[in-house]
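Here the structure comes first, spelled out in structure tokens, and everything after it is commentary.
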Amino acid sequence: MSEEKSLNFIEEIIEEDLKSGKYKSILTRFPPEPNGYLHIGHAKSICLNFGLGIKYGGKTNLRFDDTNPVTEETEYVDSIKEDVHWLGFDWANEFYASDYFDQIYEFAIRLIKKGLAYVDDSTSEEIAKQKGSPTQPGTRNKYADRTVEENLQLFEEMRAGKYQDGEKVLRAKIDMSSPNMHMRDPIIYRIKHAHHHRTGDKWCIYPMYDFAHGQSDSIENITHSICTLEFIPHRPLYDWCIEKLEIFPSKQYEFARLNLNYTVMSKRKLLQLVNEKYVSGWDDPRMPTISGLRRRGYTPESIRDFADRVGVAKRDNLIEFGLLEFCVREHLNKIAQRRMVVFNPVKVILTNYPEGQTETMLTDNNPEDPNGGTREVPFSREILIEADDFMENPPKKFFRLAPGQKVRLKSAYIIQCDEVIKDTDGTITALHCSYIPESRSGNDTSGLKVQGTLHWVNAADAVEVEVREYDRLFRVDNPASEDGDFKDYINPDSLKVVTGYAEPSLKNVTANDHFQFLRKGYYCLDKDSTAEKIIFNRTVTLKDAWAKESKKK
RNA sequence: UGGCCUAUAGUAUAAUGGUAGUACGACAGAUUUUGGUUCUGUUUGUCUUGGUUCGAAUCCAGGUAGGCCAACCA
């Protein structure tokens with residue numbers, strides 16, 4: 001089975017580098033900023049970076065890009081570590097850009113000494129104005145002419161806390177007329193008198209992304225520094241710093257970030273949904289966060305498979321949510337325990353079944369798994385079936401229950417509907433049916449063939465459970481590209497709470513189990529669940545060919 | 001309207017100058033004690049105009065379209 005899969009462009013580069021002897025082994029890194037929870041887009045990056053390390057016998061570091069103390073928190077660090085682990089990856093080292101602050105500070109001094117950096121006293125407005133525009137070159141101010149000694153002294157004073165936030169910055173001295181705005185004397189250090197989640201109050205100056213990320217890569221000897229497309233214009237600066245500092249030449253490569261339709265994928269927007277209570281938290285099962293997907297019942301396997309299927313390239317993309325659903329259904333079909341739960345019950349009374357009698361039916365836990373075993377479900381005279389599974393005046397090809405029509409009750413008997421019982425309003429209150437004693441599952445001698453098989457629950461044993469059904473968070477394909485506030489496009493019906501009547505075996509389940517409620521979908525226990533109130537999340541529905549068929553015309 | 005990146009089926013992604021393929025979706029059928037699963041088949045594509053070449057999705061030039069860049073964010 002040597003199904004050779006074609007390489008993505010990054011794998012091609014790596015194989016070339018390995019073949020040419022440029023590197024003996026590779027080192028990648030996953031570099032999140034701890035200012036929010038990880039989402040499915042990060043999962044793509046995680047699978048890429050760690051996957052590359054595994055595939056080519058290299059290593060991958062987890063490095064927190066924690067250079068902005070005002071937005072970063074330990075809570076986020078912890079959640080990120082949990083999510084990466086849960087996805088199935090182990091990092092070679094856990095690092096923090098803040099581990100390197102001393103070194104990065106020395107790098108800045110090195111630049112100053114080379115006459116390649118200067119302290120600027122301008123306000124941010126002045127700096128912005130002097131930057132020019134994409135069509136107009138920028139201009140340098142008088143501060144650019146400060147001597148090395150003066151810059152050294154001022155920078156040291158910045159570090160020592162002599163100045164207020166925003167009073168001074170350190171800038172790299174590159175080219176104010178570059179067509180690349182990032183090369184127009186970019187700010188590389190700023191003053192922030194803020195408490196850092198790891199370094200505490202040791203520093204009041206912090207390096208900017210462009211003077212921390214590449215340097216951290218270099219310090220760690222990262223060979224392939226993989227990031228998303230929007231960092232392409234940063235690459236010349238990335239290379240400039242490495243060249244001027246004469247440090248290990250890490251190389252940056254950019255791929256297109258993942259976009260999923262009917263959701264948003266920016267931490268800023270997700271944070272808004274959390275803060276403004278549109279969702280219950282970062283791990284709300286409707287969120288595209290890894291923690292949300294986990295709570296929803298997605299498996300790490302399915303997410304890795306998804307990351308694999310979407311591929312890695314350089315063009316912008318908007319992946320259909322359906323692909324993620326396909327991946328999770330495919331995995332859950334193999335592993336999920338089958339159970340029966342009726343959501344919108346109608347009572348069936350088997351008029352020819354002895355009153356007071358109960359028998360036990362045996363049914364497969366998972367027909368896809370030969371070792372899945374069986375379980376017992378009680379059966380008696382009164383059972384519940386789905387109201388949708390009965391129609392008084394059925395259309396053609398309705399293979400379910402209708403007056404005079406026969407169906408199989410899964411792992412039990414074939415029944416036939418004899419009479420519809422209604423109350424004074426005309427609402428159906430019960431169905432009187434007769435069962436065929438010779439049709440018992442396992443030793444059916446009735447010779448009858450029926451088209452439909454229904455799930456059911458014994459009325460006397462039904463366990464009431466809460467089920468949370470989720471739909472897409474947004475009404476539109478690509479909320480980020482719509483006019484106005486993205487929150488105007490939130491789907492008001494993304495959460496529906498319903499009651500289910502479950503077979504008794506569902507009373508004792510554990511948090512990590514995945515279930516398929518027969519003919520309905522895949523479900524898992526929610527963390528809000530208690531012994532008194534059992535709560536399930538619907539991970540995803542089953543494909544429903546009948547729903548599609550009945551919608552036609 | 002300066003620079004940079006990108007353009008292959010509905011959505012993604014291969015084909016690395018030599019038969020445009022795969023997955024998801026859609027459609028049709030078979031199987032099925034889940035209208036699930038599985039299996040089979042069908043459908044749909046190289047942005048455009050030139051050029052190079054025996055031969056171009058691929059190389060070159062122009063155009064068009066989309067994206068990114070002027071945070072003391074990353």
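Residue side chain Glu368(A) reaches the base of G36(B) through a donor-acceptor N/O pair under 3.5 Å, judged by distance alone.
For the pair Pro134(A) and Leu409(A), nearest-nucleotide mapping onto RNA chain B gives the more 5' position to Pro134(A). Nearest-nucleotide positions on RNA chain B place Leu454(A) closer to the 5' end than the other of Leu454(A) and Pro233(A).
Nucleic acid contact for Arg338(A): base, since at least one base atom lies under 4.0 Å from a heavy atom of the residue. In this structure, Thr67(A) reaches the sugar-phosphate backbone alone: every heavy-atom distance under 4.0 Å involves primed, P, OP1 or OP2 atoms, never a base. Within 4.0 Å of Phe398(A), counting heavy atoms only, lies at least one base atom of the nucleic acid.
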- [ ] Would you sort out whether Glu386(A) and Phe343(A) count as a side-chain contact (heavy atoms from CB on, under 4.5 Å), showing the intermediate values?
- [x] CA-CA 6 Å; Glu386(A) 215 67 68; Phe343(A) 286 80; 3.3 Å; yes
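Spacing of P atoms, U52(B) relative to A57(B), comes out at 16 Å, to the nearest Å. Going from the C1' atom of U40(B) to that of U31(B) covers 11 Å, rounded to whole Å. Comparing U11(B) with U48(B), their P atoms are spaced 15 Å from each other, to the whole Å.
In summary, the side chains of Thr363(A) and Ser411(A) do present a donor paired with an acceptor at a separation below 3.5 Å, with no hydrogens or angles considered.
Looking at the side chain of Asn333(A), the nearest of the listed nucleotides U33(B), G36(B), G67(B) is G36(B).
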